[in-house]
Amino acid sequence: KGFPYATVSLIGLNVLVFMLTSRMFLVTKPEIIFGYSMRWGASPFYTFFTSLFLHVDIFHLLGNMLFLWIFGPAVENRVKVPMYLFLYFLAGMSGHIFQAALGAAGAYAISVPSLGASGCIMGILGAYWYLFTWSPVCLFYWVGLFWRGTFEVAAVWVISTYFLLDLINGFIGRASQEIGGVANFAHVGGALAGAVLVWTLQFKRDSDRESKAKAVQADAKSMEALTCAERRDL
């Protein structure tokens, strides 16, 4: 219903930090990673916050910002800017804690840098999962040279799939004592924090019928395309 100022600002801030800390806008400088990423018991307290704005490489950044742009504006509009920012950073902190508590243990694990906005953004996805459960998400597929297209799936299935994959891969990594790579439990912790926060504060949750009516309105960009029943649902 309005311009997503907080979402755009967060995207801009993440991109700006990457520009200032990377080599040729491709990979983050090693001295930045080891100086400002979070390492449990081995780095200053401020890295708990600065690590949330660092990304390993351009693909890490683009993937996170894409998901923030897709799911962020609707959550920002529903919970408003102050709560949206609180949710974002709470999810990031929760991600750090979950990864430390459930990730592969050991002295070496403590020294491995933890960085990225993935926990924050999974918190936004967790909130979206609760607030807009049945909202359709457009997915793009590309198999081979010619088989490509798009299809729509309810948000609950898209986000739940990512959550379950993180959960499974996290426990596989824990069992094999795999150190480094994707911090799956940071994603899990962020998603849970986002979903629990909006559920606890009892923010409005769209019904299945309301979500379908909103989708029709969004595609047509007009209320005139809605039936009487769909207008009642809104």
Side-chain angles (χ1 to χ4, degrees), residues 1-14 48-49 52-53 63-99 116-139 152-167 185-221 223 226 229-234:
K1 296 181 180 179
F3 186 78
Y5 290 100
T7 299
V8 171
S9 297
L10 288 170
I11 292 174
L13 185 57
N14 276 282
F48 214 69
F49 178 78
L52 301 178
F53 291 95
N64 276 343
M65 295 306 101
L66 174 64
F67 273 71
L68 181 56
W69 175 246
I70 291 173
F71 295 100
V75 176
E76 177 184 345
N77 181 75
R78 179 62 54 87
V79 305
K80 306 310 176 190
V81 173
M83 183 56 64
Y84 180 75
L85 294 176
F86 176 74
L87 187 159
Y88 184 89
F89 291 111
L90 174 68
M93 302 301 177
S94 299
H96 281 324
I97 294 171
F98 265 70
Q99 183 62 30
S118 303
C120 305
I121 293 163
M122 281 299 290
I124 301 299
L125 266 68
Y128 196 103
W129 178 90
Y130 176 82
L131 299 171
F132 308 102
T133 307
W134 303 108
S135 177
V137 177
C138 185
L139 300 180
E152 290 187 346
V153 181
V156 61
W157 304 122
V158 177
I159 298 172
S160 294
T161 298
Y162 275 99
F163 180 84
L164 288 175
L165 286 174
D166 275 316
L167 198 62
F185 285 119
H187 300 176
V188 170
L192 289 175
V196 169
L197 181 66
V198 294
W199 169 69
T200 303
L201 297 179
Q202 297 183 332
F203 281 100
K204 179 184 178 297
R205 187 183 194 188
D206 287 357
S207 66
D208 181 16
R209 293 173 61 181
E210 186 177 0
S211 296
K212 290 178 180 177
K214 284 185 176 182
V216 173
Q217 181 189 3
D219 287 340
K221 296 180 174 59
M223 289 288 288
L226 301 178
E230 288 169 336
R231 296 185 191 190
R232 282 197 300 270
D233 291 334
L234 288 178

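The shown structure was predicted, so the numbers you read here are calculated from the model rather than taken from an experiment. Along the sequence shown, the residues carry numbers beginning at 1.
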| said: Apply side chain to side chain contact (heavy atoms under 4.5 Å, CB included) to residues Asp233 and Lys212 and explain how you reach the verdict. | reply: CA-CA 9 Å; Asp233 291 334; Lys212 290 178 180 177; over 6 Å; no

| query | Do Ser160 and Trp129 pass the side chain to side chain contact (heavy atoms under 4.5 Å, CB included) test, and can you show the C-alpha distance, the side-chain angles, and the key distance before you say yes or no? | reply | CA-CA 8 Å; Ser160 294; Trp129 178 90; 3.0 Å; yes

| task | Begin with the C-alpha distance, continue with both residues' side-chain angles, and end with the deciding distance and a verdict on side chain to side chain contact (heavy atoms under 4.5 Å, CB included) for Val196 and Tyr130. | result | CA-CA 9 Å; Val196 169; Tyr130 176 82; over 6 Å; no

| query | When you look at Met65 and Ile121, which way does the side chain to side chain contact (heavy atoms under 4.5 Å, CB included) test go after all the steps? | reply | CA-CA 8 Å; Met65 295 306 101; Ile121 293 163; 4.0 Å; yes

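Using cut-offs of 30° and 60° for the angle between ring planes, the Phe53 and Phe89 rings count as tilted. Between Phe71 and Tyr128, the ring planes are perpendicular. Angles over 60° get that label, and only those under 30° would be called parallel.
Phe3 places a side-chain heavy atom less than 4.5 Å from the side chain of Val8. Between Phe49 and Met93, the closest side-chain pair of non-hydrogen atoms falls below 4.5 Å. Side chains of Thr133 and Ile159 form no contact here, defined as non-hydrogen atoms less than 4.5 Å apart. Taking the side chain as every heavy atom from C-beta outward, His96 and Leu52 approach each other to under 4.5 Å.
Shown here are the side-chain contact (heavy atoms from CB on, under 4.5 Å) partners of Thr7, two or more places apart in sequence or in another chain: Pro4, Ile11, Leu68, Trp69, Pro73, Glu76, Tyr84.
Between Ser9 atom OG and Asn14 atom CG the span is 11.0 Å, to the nearest 0.5 Å. Considering CG of Asp166 and CZ of Phe185, their distance stands at 9.5 Å, rounded to 0.5 Å. Once rounded to the nearest 0.5 Å, the distance linking CD of Gln99 with CD1 of Ile97 reads 12.0 Å. Here the CG-CZ distance, from Leu201 to Phe86, works out to 8.5 Å after rounding to the nearest 0.5 Å.
Between Val153 and Trp157, the shortest heavy-atom contact is CG1-CB, 3.7 Å. Contact between Asn77 and Gly2 at its shortest, heavy atoms only, is OD1-N, 4.3 Å. Taking both residues in full, the closest heavy atoms of Ala91 and Gly119 are given as CB-O, 3.4 Å, listed atom of the first, atom of the second, then distance. Contact detail for Phe163 and Ala191: the closest heavy-atom pair is CD1-CB, 3.8 Å. Between Cys120 and Gly92, the shortest heavy-atom distance links the atoms SG-CA, 3.6 Å. Met83 approaches Leu197 most closely through the heavy-atom pair SD-CD2, 4.0 Å.
Of the possible donor and acceptor atoms, none in the side chain of Arg209 sits under 3.5 Å from a partner among the backbone N and O of Ala229.
Remark: Phe203 CZ is packed, more than 12 non-hydrogen atoms of other residues, nucleotides or ligands lying under 6.0 Å away.
Among residue pairs with one or both ends in residues 188-207, those qualifying as salt bridge (charged side-chain N to carboxylate O under 4.0 Å, His left out) are Arg78-Asp206, Lys204-Asp206, Lys204-Glu210, Asp206-Lys214; sequence neighbours excluded.
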